[in-house]
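All residue numbers refer to positions in the sequence shown, counting from 1. Just so you know, these numbers come straight off a predicted model, no measurement behind them. We count ligands from 1, going down the list as the structure has it; atoms in each ligand are counted the same way.
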Amino acid sequence: MNFDQPNQYAPNPNLKIWMNGKIVPVAEATISIFDHCILYGDGVFEGIRSYGGKVFRLDAHLRRLEDSARAIRLTIPMTREELATAVYDAMKANKIVDGYIRLVVTRGVGTLGLSPNRTACPSVFIIADQIALYPQELYEQGMAVISSSVIRNHPNALSARIKSCNYINNILAKIEALDAGVYEAIMYNHLGYVAECTGDNIFLVRNGVVQTPPITAGILEGVTRDAVIELVAKRKIPFREMELTRHDLYVADECFLTGTAAEVIPVTQIDGRPIGTGKPGPIVRQLMADFRELVKHGG
Ligand code: PXG
């Protein structure tokens, strides 16, 4: 396989990181090996984009970060306003206009035991850089994905609504995708219904109706998902949040994924089967154009 080779994406050594209130060179942005985020994946994060110097839906991202933190009983040592300022400071330090921002809050340094009560001082860091998730031609031709055998976390084990630093569930499915020679995998929930992909939400089009699994399918409430649902409403395209099965995927006219990093990308093959005509359909092409316009005009 000739994609996703190691070291292809080594960080830019000139990167400046916002770390606990200071802008530091990337080499000095370090985390203790005793941080519970390292030991247990005990932390929360957001992946955010900026377009033309403006952060896309920053408030929605920060609210979701706060909800994730609250769900794991982690107190973020900053207000929403301070976080927003820090995001822009990280962008400025790296002269980012169109870019990708990773905001992470770790539980902090603790003992070699699970108890979060024995930790002190959560760390907050912000990476402002670039991201290119999928090759450009896939946006034009559509991409192939597979159904993963790894089910999405049971919501009563670890809710998918928490954007935690423990992404092993998703990474296991991602490995399956890469082994199959594709970039994404569709994850089903514990009931057998379609949930989402490893880092993207999923939509179908069938007989002119845009369909997507509801939040109760055990998925992340994507910021891009919400934006696309608004675009669908603006176009007056019929829309349904509904339970979807593998059968629905196979008989769909169109399929597409949404995510901060991916934006809106057509899916034209699932498990080796062509979806619809096997080419990106009219509705996804319209929504991709609408999404471009939306981000150009500030979200
Ligand atoms: N579902 C999951 C599980 C995600 O992680 C989305 C949906 C889309 O949500 P937003 O809010 O971004 O529209 C995500 C977010 C990656 C990567 O490298 C992807 C995400 C986060 C971090 C890394 O693919 N996706």
Problem - Positive for side-chain contact (heavy atoms from CB on, under 4.5 Å) with M187, one of N153, N169, I151 - result: N169

Problem - Proximity to ligand 1 by part of R152, non-hydrogen separation under 4.0 Å - result: side chain

Exercise for the section: Answer side chain, backbone, both or neither: which part of N170 comes under 4.0 Å from ligand 1, heavy atoms only. Expected result: side chain

Any idea which protein heavy atom is nearest [atom], and the distance to it?
atom                    : value
atom 4 (C) of ligand 1  : Y167 OH, 3.5 Å
atom 18 (O) of ligand 1 : L133 CD1, 3.7 Å
atom 12 (O) of ligand 1 : T260 OG1, 2.5 Å
atom 13 (O) of ligand 1 : T224 OG1, 2.6 Å
atom 2 (C) of ligand 1  : E196 OE1, 3.5 Å
atom 19 (C) of ligand 1 : G199 O, 3.6 Å
atom 23 (C) of ligand 1 : R102 NH2, 3.3 Å
atom 15 (C) of ligand 1 : K163 NZ, 3.2 Å

Charged N to carboxylate O under 4.0 angstrom, [X] versus [Y]?
X    : Y    : result
E46  : K163 : no
E196 : R225 : no
R63  : E66  : no

Problem - S32 and D35: CA distance, side-chain angles, deciding distance, side-chain hydrogen bond (donor to acceptor under 3.5 Å, both in side chains) verdict - result: CA-CA 5 Å; S32 167; D35 193 306; over 6 Å; no

Practice task
Identify which of D226, I219, V223 has a heavy atom lying nearest to atom 11 (O) of ligand 1.
Solution key: V223

Practice task
Verify, without hydrogens or angle tests, whether R57 (side chain) and G299 (backbone) share a donor-acceptor contact under 3.5 angstrom.
Solution key: yes

Practice task
Measure across P122 and L74 and return the closest heavy-atom pair with its distance rounded to 0.1 Å.
Solution key: CG-CD1, 3.9 Å

Practice task
Report yes if R64 has an N/O atom closer than 3.5 Å to an N/O atom of ligand 1; otherwise report no.
Solution key: yes

Handout entry: Cation-pi check, R49 onto F56 ring (under 6.0 Å, within 45° of axis)
Key = no

